[in-house]
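To keep things clear, I will list the structure first and then write my remarks on it.
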Amino acid sequence: MSDVAKKVETLMEAMPYLEKYQGKVIVIKYGGNAMINDELKDAVLHDVVMLKLLGLKPVLSHGGGPGINKMLEKLNIPVQFINGLRYTSEDIMRVVEMVLVGQVNTELVGRINQIGGKAVGLSGVSGDIYHCHKRSEELGFVGDIDYVNADAINAMLDAGFIPVIAPVGTDGQGNTYNINGDTAAGKLASALGAEKLVILTDIEGLCNDINSYLNIQDVKALKDKGTIAGGMIPKVDCCVEAIEEGVTSVHIIDGRKPHSVLYEAFTTEGTGTTIGTAQPSVGIKW
């Protein structure tokens with residue numbers, strides 16, 4: 001088969017997905033290794049632009065933990081963990097804003113525009129997107145989201161832009177807060193009525209024992225058994241909440257694989273774990 005024939009065949013195979021997702025919002029949580037490897041970063045951002053060109057409405061919700069840690073180390077600001085969660089002092093919060101909004105967000109917007117997309121960078125403070133409150137005095141400036149105001153993002157989508165959102169929130173009183181990236185992406189997907197939430201990770205799906213399809217009705221049993229534990233718990237919880245709040249499906253995929261976002265959107269194979277309610281769980285080691 002010639003190269004041209006292969007390309008035509010690939011386009012024909014993608015047609016049902018293009019019809020299904022035309023005009024639909026897809027939220028992509030971008031973090032992990034795909035953020036620090038330039039080749040993977042380039043592949044992810046090309047995927048985002050391609051989704052837009054194919055008629056979808058991608059929204060990029062990013063993290064930036066490695067960059068924050070590197071900057072804190074460079075500034076010699078000590079980091080304290082409480083029950084596995086990083087205490088966020090006022091000084092650390094300034095660094096979080098500087099890295100997430102001033103560095104990571106700006107770089108992603110610039111790269112998307114460079115490769116032919118039209119991106120606009122926003123933080124959760126913009127337009128009161130992530131209105132939140134302080135989780136506890138013990139953790140400092142760590143925020144839990146009260147609600148998402150998606151007006152600014154919908155305005156950008158309607159104008160043909162790709163919104164790029166940093167997970168920083170506000171209480172409306174002049175205070176800003178660091179928000180868990182997965183939680184922010186899940187709440188954002190719910191508020192936008194997204195067709196899909198895609199979370200990029202550094203492993204093949206949720207974990208080795210859950211690698212195909214997870215029906216949310218099995219989550220509690222897997223937590224009780226210890227299969228879902230530690231850092232997986234908030235990730236799964238945000239996925240379940242997104243499904244319960246109207247997102248059609250959530251996909252936790254291996255961001256180390258080039259163009260994994262397109263594989264997930266336009267093929268049946270996928271690249272990780274799908275979470276939803278459409279079928280019984282598949283591929284779980286009980």
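By the side chain to side chain donor-acceptor pair (under 3.5 Å) test, Lys29 pairs with Asp182, sequence neighbours left out. With sequence neighbours left out, the side chain to side chain contact (heavy atoms under 4.5 Å, CB included) criterion links Ser89 to Tyr87, Asp91, Ile92. In this structure, the salt bridge (charged side-chain N to carboxylate O under 4.0 Å, His left out) partners of Asp237, at least two apart in sequence or on a different chain, are Lys223. Remark: Asp224 pairs with Lys220 by the salt bridge (charged side-chain N to carboxylate O under 4.0 Å, His left out) rule, at least two apart or across chains. When the salt bridge (charged side-chain N to carboxylate O under 4.0 Å, His left out) test is applied to Asp171, no partner is found at least two apart in sequence or on another chain. Shown here are the side chain to side chain donor-acceptor pair (under 3.5 Å) partners of Thr176, two or more places apart in sequence or in another chain: Arg94, Glu97. Take Gln22 and apply the side chain to side chain contact (heavy atoms under 4.5 Å, CB included) test, not counting sequence neighbours, and it matches no residue. By the salt bridge (charged side-chain N to carboxylate O under 4.0 Å, His left out) test, Glu107 pairs with Lys41, Arg111, sequence neighbours left out.
Side-chain atoms of Val247 and Glu195, non-hydrogen and from C-beta on, never get closer than 4.5 Å to each other.
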For residues 59-81, run the donor-acceptor check on the side chains, cut-off 3.5 Å, and write out each pair with its distance to 0.1 Å, sequence neighbours left out.
from	atom 1	to	atom 2	distance (Å)
His62	NE2	Asn105	ND2	3.1
Asn69	OD1	Arg86	NH1	2.4
Asn69	ND2	Gly65	O	3.4

Exercise answer: donor-acceptor pairs, residues 48-58 side-chain atoms, under 3.5 Å, sequence neighbours excluded:
none

Name each donor-acceptor pair under 3.5 Å that joins a side chain in residues 113-125 to protein atoms two or more places apart or in another chain, with its distance.
from	atom 1	to	atom 2	distance (Å)
Asn113	OD1	Ala119	N	2.7
Asn113	ND2	Val109	O	3.3
Ser123	OG	Val125	N	3.1

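The CD1 atom of Ile252 sits 11.0 Å away from the CG atom of Leu200 when rounded to the nearest 0.5 Å. Interatomic distance, CD1 of Ile129 versus CG of Leu188, reported as 7.5 Å (0.5 Å rounding). For the atom pair CD1 (Ile216) and CD1 (Ile243), the distance works out to 6.5 Å, reported to the nearest 0.5 Å.
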Set out, in order, the CA-CA distance, both residues' side-chain angles and the distance that settles side chain to side chain contact (heavy atoms under 4.5 Å, CB included) for Gln279 and Val282, then state yes or no.
CA-CA 8 Å; Gln279 66 181 65; Val282 177; 3.5 Å; yes
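Between the Thr201 side chain and the Ile253 main chain, a donor and an acceptor come within less than 3.5 Å of each other.
The ring-ring contact (aromatic ring centres under 6.0 Å, His included) analysis of residues 148-178, with sequence neighbours excluded, yields the pairs Phe141-Tyr177.
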